Number of protein chains: 2
Amino acid sequence: MHTTMPESHVRQAATAHDVARHAGVSQSAVSRAFTPGASISPAMRERVLAAAAALGYRPNLIARSLITRRTGMVGVAVGSLANHLYPGMLEALANRLQAEGYRILLFTAPRDGNADPEMEQILRYQVDAIVLAATTLSSHLADECSAAGVPVVLFNRTSSRAAAASVTGSNHDGAYALARLIAEAGHRRPAFIAGPPNASTNRDRQEGFLAGCAAHGLPAPIIVPGGFSEAGAIAAITELLARPEPPDAVFCASDHMAITVLDTVRHCFGLRVPEDISIVGFDDAPPAAWPSYALTTYRQPIQPMVEATVTLILERLASPEAPARQVVIPGELVIRRSCRLPPGVEPEG
Amino acid sequence: MHTTMPESHVRQAATAHDVARHAGVSQSAVSRAFTPGASISPAMRERVLAAAAALGYRPNLIARSLITRRTGMVGVAVGSLANHLYPGMLEALANRLQAEGYRILLFTAPRDGNADPEMEQILRYQVDAIVLAATTLSSHLADECSAAGVPVVLFNRTSSRAAAASVTGSNHDGAYALARLIAEAGHRRPAFIAGPPNASTNRDRQEGFLAGCAAHGLPAPIIVPGGFSEAGAIAAITELLARPEPPDAVFCASDHMAITVLDTVRHCFGLRVPEDISIVGFDDAPPAAWPSYALTTYRQPIQPMVEATVTLILERLASPEAPARQVVIPGELVIRRSCRLPPGVEPEG
DNA sequence: TTGAAAGCGGTACCAC
DNA sequence: GTGGTACCGCTTTCAA
């Protein structure tokens with residue numbers, strides 16, 4: 001003999017109304033019981049909570065958002081997760097955002113380019129903010145979001161438009177530092193395997209590298225496109241090594257490409273790194289630290305970058321009228337063993 | 001003297017009502033214009049669409065979901081993305097789901113164990129379905145979801161409870177096949193570096209490996225816990241190599257651990273692989289194929305697994321009463337160079 | 001085909 | 001502190 005249904009499958013979910021009836025109180029009271037800091041007596045809250053538990057009630061956050069105008073969802077657009085920098089970033093961002101009471105609505109930019117129709121959807125979901133972490137996404141999209149009044153933070157890229165906030169590593173300075181390291185280690189023929197020309201991240205690294213080479217007495221590097229992809233990187237290094245005067249130091253615009261290049265150089269061309277050729281990357285993605293690679297690179301500190309991203313979001317949510325800030329997180333040179341060392345310098349680890 | 005605001009920033013987003021007024025029609029008409037297959041004349045639709053474009057109207061999917069009872073969101077819970085199998089899985093799943101008109105609401109299980117409070121949130125968001133891809137999440141959670149009437153699919157794990165659908169690779173058979181390979185290559189002292197004992201995936205692989213060893217004349221393997229983590233894997237291999245009779249073949253319960261073990265064995269202990277010791281893994285995660293590792297492993301085919309996951313979701317959404325299916329996707333042995341070869345067998349690549 | 005009106009499940013303001 | 005009620009933005013009967 002039982003009074004309440006024995007919780008069978010697929011019952012219609014209990015609503016605040018059901019709970020109110022069950023507890024013999026108003027529906028408003030139910031709402032208050034689930035609103036931290038609302039004006040409600042302990043006795044009442046107790047009573048409501050008991051009824052809620054009995055019915056397996058769960059507040060409908062979607063319905064709530066309709067009136068509060070906050071969904072608690074942050075749209076995150078990522079390109080390929082094949083770049084080893086992004087899985088860690090995504091996980092850290094999700095954790096940090098969860099701690100602030102937000103969840104990630106994830107959008108992946110399809111390979112074949114045009115992500116705009118999908119991005120249109122992201123706005124229809126009334127996300128509270130958007131993080132754009134795909135180098136390939138048009139900045140037109142960022143404008144679209146800003147126009148819709150949704151705060152946008154560009155992660156690991158910038159935009160010429162002032163409306164978008166952004167968080168990046170020190171791309172220019174990092175690449176400059178790598179050029180200097182290469183010069184001081186006595187290399188004479190630098191090369192640069194580039195990412196997509198329209199990616200701000202790639203552009204800044206290229207500029208920094210060229211400036212660094214020039215400043216430290218190196219000739220202008222050979223520049224070959226690699227497109228931030230494995231296939232592109234292989235094609236690029238193959239072309240470089242086919243030259244009559246192959247480079248003695250190669251800077252890859254991302255660790256992802258650098259790892260591929262390292263493997264290719266060693267296992268396809270039988271070269272020793274760094275004795276025959278030095279390879280450096282950018283990011284300090286996890287595999288860069290693996291002993292098999294021991295890649296010399298420039299770190300983009302994920303945790304601080306994520307931290308800054310969340311801060312920017314919260315800032316703009318609090319005061320939408322404030323100007324968008326562009327934050328640059330300083331990185332650091334990580335000297336391992338894939339690049340010849342200048343006199344007196346020791347690798348880490 | 002203007003009638004409509006000149007679209008400045010942060011205007012309140014236009015609603016269907018605004019569009020209706022602007023077009024001089026009813027709000028219902030606006031709704032119909034944006035509902036494929038609704039009963040509306042071309043002229044009317046045209047008129048509404050024009051007004052919508054003029055106001056920058058975007059249908060509010062959240063409000064819609066309140067009445068349709070479909071949010072178009074699928075909750076996905078992942079553990080650490082450090083396991084290289086998951087980023088690819090997540091990307092593939094997001095793409096596939098997007099093609100079906102669904103987006104991913106992402107939840108990450110915090111390191112320190114208890115994910116239940118966060119999981120409670122996932123249900124409050126009224127997701128249409130849930131994918132559990134974290135080995136560490138309690139299956140109690142899966143029950144919770146089923147009880148709430150939300151279809152659940154376990155990815156890369158199973159549960160003893162019948163309520164949850166699941167998709168896994170052929171863990172038992174794969175591990176069995178690896179044991180056979182090890183035996184036929186002439187090894188005599190097998191070891192197993194295990195994952196968490198309560199993970200179904202680990203359990204199945206262990207059972208398969210033990211069975212395979214027994215069936216092919218090998219002694220029972222030494223079993224050491226590795227916890228699916230890098231630190232655990234290092235501790236495990238260190239312990240194994242300190243034994244008076246160290247193993248000559250080590251099966252790691254995941255590629256993630258196998259990669260770490262390979263690096264440790266080579267760079268910390270100065271051993272040659274596979275001449276001094278054979279290492280095999282499970283998953284065929286991307287780094288397994290990198291030339292520096294050339295890891296012999298058993299493939300879990302991500303694409304078919306994701307496909308099956310989406311199919312299961314769609315199935316259960318269409319007929320909630322149908323029994324939950326447990327799908328096993330067959331894998332295949334991937335023979336590379338981290339394990340000694342049986343006579344006559346050639347590595348791939 | 002079209003418009004009016006009743007909700008969907010909550011929150012917030014209003015008196016009491 | 002509590003209950004009543006308007007309303008968030010949309011879909012969906014129901015008549016016209």
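Note that this is a predicted model, so its numbers are computed, not measured. Below, chain A is the first sequence line, B the second, and so on; all start at residue 1.
Formation of a donor-acceptor pair under 3.5 Å by the D128(B) side chain with backbone atoms of V74(B) is not found in this model. Between the side chain of R45(A) and the main chain of A33(A), a donor-acceptor pair closer than 3.5 Å is present. Between the side chain of S41(A) and the backbone N or O of M44(A), at least one donor-acceptor pair lies under 3.5 Å.
For the segment residues 28-41 of chain A, residues with any heavy atom less than 4.0 angstrom from an atom of DNA chain C are, sorted by number, S28(A), S31(A), R32(A).
In this structure, A63(B) and P42(B) both approach DNA chain C, and ranking their closest nucleotides by distance from the 5' end singles out P42(B).
Taking atom CZ of residue R69(B) and atom P of nucleotide dG7(C), one finds them 14 Å apart after rounding to whole Å. In this structure, the NE2 atom of H17(B) is 11 Å from the C1' atom of dA4(C), given to the nearest Å. The CZ-P distance, from R45(B) to dT1(C), rounds to 11 Å in whole Å. To the nearest angstrom, P of dG10(C) lies 14 Å from CD1 of I62(B). In this structure, the CZ atom of R47(B) is 11 Å from the C1' atom of dT2(C), given to the nearest Å. Remark: P of dG3(C) and CZ of R21(B) are 15 Å apart, rounded to the nearest angstrom. We find that CG of L66(A) is positioned 17 Å from P of dG7(C), with the value rounded to whole Å.
Chain A approaches DNA chain D over the interval dG1(D) to dG9(D), counting the first and last nucleotide 5' to 3' with an atom under 4.0 Å from its heavy atoms.
With 3.5 Å as the limit, one finds no donor-acceptor pair spanning the side chains of N156(B) and T168(B).
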| task | Output, in order, the C-alpha distance, side-chain angles, deciding distance and verdict of side-chain contact (heavy atoms from CB on, under 4.5 Å) for M305(B) and M89(B). | result | CA-CA 9 Å; M305(B) 285 175 76; M89(B) 171 273 186; over 6 Å; no

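Helix bend of the helix from dT1(C)-dA16(D) to dC16(C)-dG1(D): the angle between its two end axes, each built from five pairs, comes to 40° after rounding to 10°.
Close to dA12(C), at under 4.0 Å from its OP1 or OP2, lies no side-chain N or O of R64(A). Put simply, S26(B) has a side-chain N or O that comes within less than 4.0 Å of OP1 or OP2 on dG3(C). The side chain of Y125(B) places no N or O atom within less than 4.0 Å of a non-bridging phosphate oxygen (OP1 or OP2) of dG9(C).
Side-chain atoms of I104(B) and L105(A), non-hydrogen and from C-beta on, never get closer than 4.5 Å to each other.
When each of T309(A), L312(A), V78(A) is tested with V131(A) by the rule side-chain contact (heavy atoms from CB on, under 4.5 Å), just one qualifies, namely T309(A).
Summarising the local packing, CD of E100(A) is surrounded by more than 12 heavy atoms from other residues, nucleotides or ligands at distances under 6.0 Å.
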